[in-house]
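Labels below follow one simple rule: chain letters A, B, ... track the order of the sequence lines, proteins then strands, and each chain is numbered from 1.
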2 protein chains.
Amino acid sequence: MKRPTMADIARRAGVTKAAVSFALNGRPGVSDPTRRRILAIADELGWQPNSAARALSDGRAGAFGLVVDRPARMLGLEPFFMQLISGIQAELSADGTPLLFTVAEDQRAEIATYRSWWAQRRVDGVFLVDVQLEDARVPVLEELGMPTVVIGAPVGTGRLPAAWSDDAAAAGTALRHLAALGHRRVGRVCGPAHLRHTEIRSAAVARLAPELGMECATVATDYSADEGAAAARTLLTRPDPPTAILFDSDLTAVSGLTAAQAMGLRVPEDVSVVGWGDSALCELVHPPLTALSRDVAAHGGHAARMLRAAAGGARVADLEDEAARLVLRGSTGPAPVTAAAGAAAGAAAGGGTQGANAPGPGQRQTVAEL
Amino acid sequence: MKRPTMADIARRAGVTKAAVSFALNGRPGVSDPTRRRILAIADELGWQPNSAARALSDGRAGAFGLVVDRPARMLGLEPFFMQLISGIQAELSADGTPLLFTVAEDQRAEIATYRSWWAQRRVDGVFLVDVQLEDARVPVLEELGMPTVVIGAPVGTGRLPAAWSDDAAAAGTALRHLAALGHRRVGRVCGPAHLRHTEIRSAAVARLAPELGMECATVATDYSADEGAAAARTLLTRPDPPTAILFDSDLTAVSGLTAAQAMGLRVPEDVSVVGWGDSALCELVHPPLTALSRDVAAHGGHAARMLRAAAGGARVADLEDEAARLVLRGSTGPAPVTAAAGAAAGAAAGGGTQGANAPGPGQRQTVAEL
DNA sequence: CCGCACCGCTGAACCGGTTTTGCCCTCCCG
DNA sequence: CGGGAGGGCAAAACCGGTTCAGCGGTGCGG
């Protein structure tokens, strides 16, 4: 009934704890018959090492941590984190390392959690998500000497290793897709400006749009459904409304798509919609969302590998996973034909759509290659 | 730089570890001046107890656990869990107890996790969610003697205490709302039949619908968006389609609502939709979803309190939180007027809607009170 | 035949807390 | 003024692992 200890095993095997320890950890110091006898007894007793004793002895906690400080109500709809946790766990469960997970109210609370976990030796390291432009957590983690793997681009993350994928490239993929469909005025609904990945995507769009002959208007949101819808309405009621909108999340995309339809616009005939992040939400709406997709779970697994190595004392290099790919569904289509650019766009999209919408200026450029 | 231990404090204070322990834990055995001196030094050094040492010494892990075995892709869209975790944490953070969280592939893996956590003394107890009809986890947890708080109705949960709310009452609230609007044929899209709460809700509906003069057709799903939409289509293409559908989750409700609209039906003029669970998803669609809502975070906090008490050795009684209430939004309205029951329904709803839909048999009953 | 290396194991220290025991000193009371 | 009570602290044991020094016995080489 009571959980057996190594002393119990030692007694039954007629050896000392030391011999048992050697045997159970597969290290030399005991003969093969003795080892087998000890292992058999341990197995029979259902022995498992007391994690506290082991942690105390070898000075490692045997656990990693993840703190998220977005509001719970929004988090609940963020498929990213569950997939990430799932991927992390799949990797960590290989050696039975558990994950401490918590949601913090704000960044101060998050930092307090790190300090506390580290001081109490609750964890051997943490995953850092939602990196910000001037991120106060980075210097704290560096000062603590706490093994950390950043999940996000290695920009402004000091010496902390990062697992990331190229958001700029992904943005390019989406923009080129829209350009090929003849879109020249696009809108973008991004997340909070203080997030690093928002800045990276914005910079990429600002650089690429002109190259593709597009102009792009951006509206920032807090990633909530409300603001996503509002942003869509803002963009679509401009004097020169965009013919396509790129959203930085799938929740805002779904919300924005719904808002557009409520305005009487048809998707994709009147306006195309692209989401960033490919969850079940995308298939929830009609038409289903064209979206940038990546294997978040695998990404989490890679990050977990890195953190395990870092906690083991290794110097870990940044790891770049492949950039998100565009999954084509029904929410993107040829740009509505305007008086000026209609022919070109229709031809490029391989199947023109009738029905003009919002004339506006419209730059005339040849359709970008791919 | 290195984390200070009690021995460090003892040395600087010129006392022994024992005195330091008494002082820091606020128990008698040291004089007041000495206590203050020790506390000051501890504070200056930024001392925090090594959790492993404390766990080893007093035999408790100082952590609780939560395992979920739904597929990650679906979990990501289940706002329930994030809110639950958030609420649990808010309560647990009062004494700095962390939460071990993981997603398991299936129930076997979940049980293995419990056994492992318990054998290794990783946790002092766990929260049990998604209770099933014949739940293999219950006997295991009882046999292990692992403190557990069930989050769900105390049915088939053995001696494990439960934190729950009355789903039968909530189902009644929803049905009465629909009855008052004149609906006589309703559909229900529920979750997996092996879940206890599905059965409870189904039983409640089966009992209440006749009392309210309604007939109810039920379709089961796995809670995915796909199956939610398919279920809606199945119900709405019957020869006698329902005039209102009650969904067991908000994700399937949103998905079903969208599917209905894609079939050309108007919501709520042609068909009313009620969701179960009130997340941001409800406001994502047009019209926004009428839904059963409860304070999940508070519920999680209560469960955490119970688990803390149970792990402390107390016998804990079941706790019933208040039942979900119906948040009225735009997705429910008067039943479409049929040849037979039209007048009654229209009058009851206080504002009849024109446009008949699917005649069908339609029971004629006076409108239920409330 | 002696010395040395190595094997297989024991005994003990150690990690950093908590808890028990016991000593010394003061204070109070008869 | 002697004795008992009790406060304040030291010393040590304990939780359950890991690790290191050491010890007897065997085999091998010189």
Nearest-Å distance, CG (A/Leu56) to P (C/dA13)? 17 Å
Separation of atom CD1 in A/Ile38 from atom C1' in C/dC9, rounded to whole Å: 10 Å
B/Arg27 or B/Ala53: which one's nearest nucleotide on DNA chain C is closer to the 5' end? B/Ala53
Using a 4.0 Å heavy-atom cut-off across all strands, classify A/Gly14 as base, sugar-phosphate, or nothing. sugar-phosphate
Just wondering, are more than 12 heavy atoms of other shown residues or ligands nearer than 6.0 Å to CZ in B/Arg37? yes
Measure from CG on B/Asp58 to P on C/dG17 and round the result to the nearest Å. 12 Å
Atom-to-atom span, CE of B/Met6 to P of C/dC14 - whole angstrom: 17 Å
Could you tell me whether B/Thr5 contacts a base, only the sugar-phosphate backbone, or nothing, with contacts defined as non-hydrogen atoms closer than 4.0 Å? sugar-phosphate
May I have the distance from A/Asn25 (atom CG) to D/dC20 (atom C1'), rounded to whole angstrom? 15 Å
What's A/Gly29 touching, base or sugar-phosphate or nothing? Going by heavy atoms closer than 4.0 Å. base
If you compare every side-chain N and O of B/Ser57 against the phosphate oxygens of C/dT18 (OP1, OP2), does one of them come in below 4.0 Å? no
For a quick test of reading the model: is some side-chain N or O of A/Ser21 closer than 4.0 Å to OP1 or OP2 of D/dT18? yes
May I ask you to evaluate whether B/Trp47 reaches the phosphate of C/dG17, defined as a side-chain N or O under 4.0 Å from OP1 or OP2? yes
Describe the nucleic acid contact of B/Val20 in one word from base, sugar-phosphate, nothing, applying a heavy-atom distance below 4.0 Å. nothing
Give the rounded distance in Å between these two atoms: CZ of B/Arg121 and P of D/dG16. 8 Å
Atom pair OG1 (A/Thr157) and CZ (A/Arg137), whose distance is rounded to the nearest 0.5 Å: 11.5 Å
Would you say A/Ser31 places a side-chain N or O within less than 4.0 Å of OP1 or OP2 belonging to C/dC9? yes
Can you tell me how far P of D/dG17 sits from CG of B/Asn50, to the nearest Å? 16 Å
For B/Glu110 and B/Leu128: C-alpha separation, side-chain torsions, deciding distance, then whether side-chain contact (heavy atoms from CB on, under 4.5 Å) applies. CA-CA 10 Å; B/Glu110 183 179 343; B/Leu128 185 69; 4.1 Å; yes
Which listed nucleotide (D/dC9, D/dG16, C/dT20) is nearest to the side chain of B/Phe22? C/dT20
From B/Trp117 CH2 over to B/Thr102 OG1, what is the distance, rounded to the nearest 0.5 angstrom? 6.0 Å
Length of the NZ-C1' vector between A/Lys17 and C/dA12, whole Å: 10 Å
Could you measure the distance from the CG atom of B/Asp295 to the CG atom of B/Asp321? Nearest 0.5 Å is fine. 8.0 Å
Can you tell which of C/dT10, C/dT18, D/dT18 lies closest to the side chain of A/Arg54? D/dT18
